[in-house]
Amino acid sequence: MRRVTYSMNVSLDGYIVDAGGDINWSDPSEEVFRYWTDEIRETGAHLLGRRLYETMLYWETADRDGSLDAAELEWAALWKALPKVVFSRALTTVQGTNTRLASGTLAEEIERLRAEPGEGDIAIGGATLAAEAAASDLIDEYRTMVHPVLVGGGTPFFPHHGRRVTLELVESRTFGSQVAYLRHRVTRRNSPGS
């Protein structure tokens, strides 16, 4: 079964965006950018909230930006080819190659994607959408790229849904830029007595 993953940059104090909406503190080094590129190769579909969708629209036409290097052009090509589903109450249409508006609930879209032929993870993007997925126990893995900065507030990576989730560390890595990657798998009990 295809895994549902939630993967983003996060400050050491747990935020993906600071209180002013800034994400410049998470600009990736070349090494981290290569890692994100490798991760997107393993993604079969990406589910996005409206704000992240609007931010990522840049990559749909980035290949026309003459200032991009080879790594950024590769990322743009991979992103463009990736099937994307946008969840929004405000949007009636979306732009971009392989991009569509969600026609069902988050759980229904995940079920539909898992039933389709194909491989690769189902990635969740955006804190609001991830909070909904976490509250419904739909996330299989949390992948954090922890930056050595305290931003003091903003949008939290981990949703506050009032329930305990047990995690197992399955991978970790520290990059030369002192960014630490942590991949945790959600540990679920199969039956009430286990």
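Here Glu109 pairs with Arg100, Arg112 under the salt bridge (charged side-chain N to carboxylate O under 4.0 Å, His left out) rule; sequence neighbours left out. With sequence neighbours excluded, the residues satisfying salt bridge (charged side-chain N to carboxylate O under 4.0 Å, His left out) with Glu171 are Arg183. The side chain to side chain donor-acceptor pair (under 3.5 Å) check on Asp121 picks up Arg3, Arg143, with sequence neighbours excluded. Scored by the salt bridge (charged side-chain N to carboxylate O under 4.0 Å, His left out) test, Arg50 finds Glu54 as partners (sequence neighbours excluded).
Taking hydrophobic clusters as Ile, Leu, Val, Met, Phe, Trp and Tyr residues chained together by side-chain heavy-atom distances below 4.5 Å, Leu169 shares a cluster with Val165. Using a 4.5 Å cut-off between side-chain heavy atoms of Ile, Leu, Val, Met, Phe, Trp and Tyr, with links allowed through other members, Met8 and Leu48 fall into different hydrophobic clusters. Connection of Val170 to Val146 is not established within any shared hydrophobic cluster, with ILVMFWY side chains joined at heavy-atom distances below 4.5 Å, either directly or through further cluster members. Cluster membership check: Leu57 does not share its hydrophobic cluster with Val85, using side-chain heavy-atom separations under 4.5 Å among Ile, Leu, Val, Met, Phe, Trp and Tyr. With hydrophobic clusters built from ILVMFWY side chains whose heavy atoms lie under 4.5 angstrom apart, Phe87 shares a cluster with Leu113.
Between Ala62 and Leu68, the closest heavy-atom pair is O-CD1, 3.1 Å. When all heavy atoms of Thr105 and Glu108 are compared, the closest pair comes out as N-OE1, 2.8 Å. The two residues Ala71 and Phe33 make their nearest non-hydrogen contact at O-CE2, 3.5 Å. Contact between Ala45 and Leu82 at its shortest, heavy atoms only, is N-CD1, 3.9 Å. Residues Asp18 and Asp22 share a closest heavy-atom pair of OD1-N, 2.8 Å. Smallest separation of non-hydrogen atoms from Ala134 and Tyr142: CB-OH, 3.5 Å.
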Would you check, one step at a time, whether the test side chain to side chain contact (heavy atoms under 4.5 Å, CB included) holds for Thr166 with Arg164? CA-CA 7 Å; Thr166 304; Arg164 180 179 173 160; 4.1 Å; yes
Carefully, step by step, assess Arg188 and Asp137 under the rule side chain to side chain contact (heavy atoms under 4.5 Å, CB included). CA-CA 9 Å; Arg188 294 185 174 93; Asp137 194 27; 3.2 Å; yes
Using side chain to side chain contact (heavy atoms under 4.5 Å, CB included), reason through Val10 and Phe158 one step at a time and then give a plain yes or no. CA-CA 10 Å; Val10 61; Phe158 292 103; 5.6 Å; no
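Put simply, the side chain of Glu42 does not reach to within 4.5 Å of the side chain of Glu39, judged on heavy atoms. At a threshold of 4.5 Å between non-hydrogen side-chain atoms, the residues Asp63 and Lys80 count as touching. Under the 4.5 Å side-chain criterion, counting only non-hydrogen atoms from C-beta, Thr128 is in contact with Arg51. Taking 4.5 Å as the limit, some side-chain heavy atom of Leu91 sits within range of a side-chain heavy atom of Val86. A 4.5 Å side-chain heavy-atom check between Trp36 and Leu78 finds every atom pair outside the cut-off. You'll find the side chain of Gln95 reaches within 4.5 Å of the side chain of Tyr53, heavy atoms only. Ile124 has its side chain out of reach of Leu138: every pair of non-hydrogen atoms, C-beta onward, lies at least 4.5 Å apart. Taking 4.5 Å as the limit, every side-chain heavy atom of Leu129 sits out of range of all side-chain heavy atoms of Leu52.
The OG atom of Ser26 sits 10.5 Å away from atom CE of Met145, with the distance rounded to the nearest 0.5 Å. To the nearest 0.5 angstrom, His147 atom NE2 is 8.5 Å from Ser29 atom OG. A distance of 9.0 Å separates CD1 of Ile16 from CD1 of Ile23, quoted to the nearest 0.5 Å. One distance of note links CH2 of Trp79 with CD1 of Ile40; it measures 5.5 Å at 0.5 Å rounding.
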Identify each donor-acceptor pair in which a side-chain atom of residues 174-182 lies under 3.5 Å from a protein atom, sequence neighbours left out, and give them as a table.
{"from": "Tyr181", "atom 1": "OH", "to": "Tyr35", "atom 2": "OH", "distance (Å)": "3.3"}

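The ring of Phe157 has its center closer than 6.0 angstrom to the ring center of Tyr6.
Of the candidates Ile139, Thr43, Leu47, Thr5, Leu47 is the only one forming a side chain to side chain contact (heavy atoms under 4.5 Å, CB included) with Ile122.
Of the possible polar contacts, one joining the Arg114 side chain to the Arg2 backbone as a donor-acceptor pair under 3.5 Å is found. Panel note: side chain Asp13, backbone Leu150; no donor-acceptor pair is recorded below 3.5 Å. When atom types are taken as modelled, the side chain of Ser88 and the backbone of Ala90 share a donor-acceptor pair closer than 3.5 angstrom. The backbone N or O of Thr97 sits less than 3.5 Å from a side-chain atom of Thr99, completing a donor-acceptor pair. Proximity of a side-chain donor or acceptor of Asp140 to a complementary backbone N or O of Val4 within less than 3.5 Å is detected.
Within 6.0 Å of CD in Glu30 there are 12 or fewer heavy atoms belonging to other residues, nucleotides or ligands. In Glu116, the CD atom is crowded: over 12 heavy atoms of neighbouring residues, nucleotides or ligands sit closer than 6.0 Å.
Clustering of Ile, Leu, Val, Met, Phe, Trp and Tyr by side-chain heavy atoms under 4.5 Å joins Met1 with none of the others.
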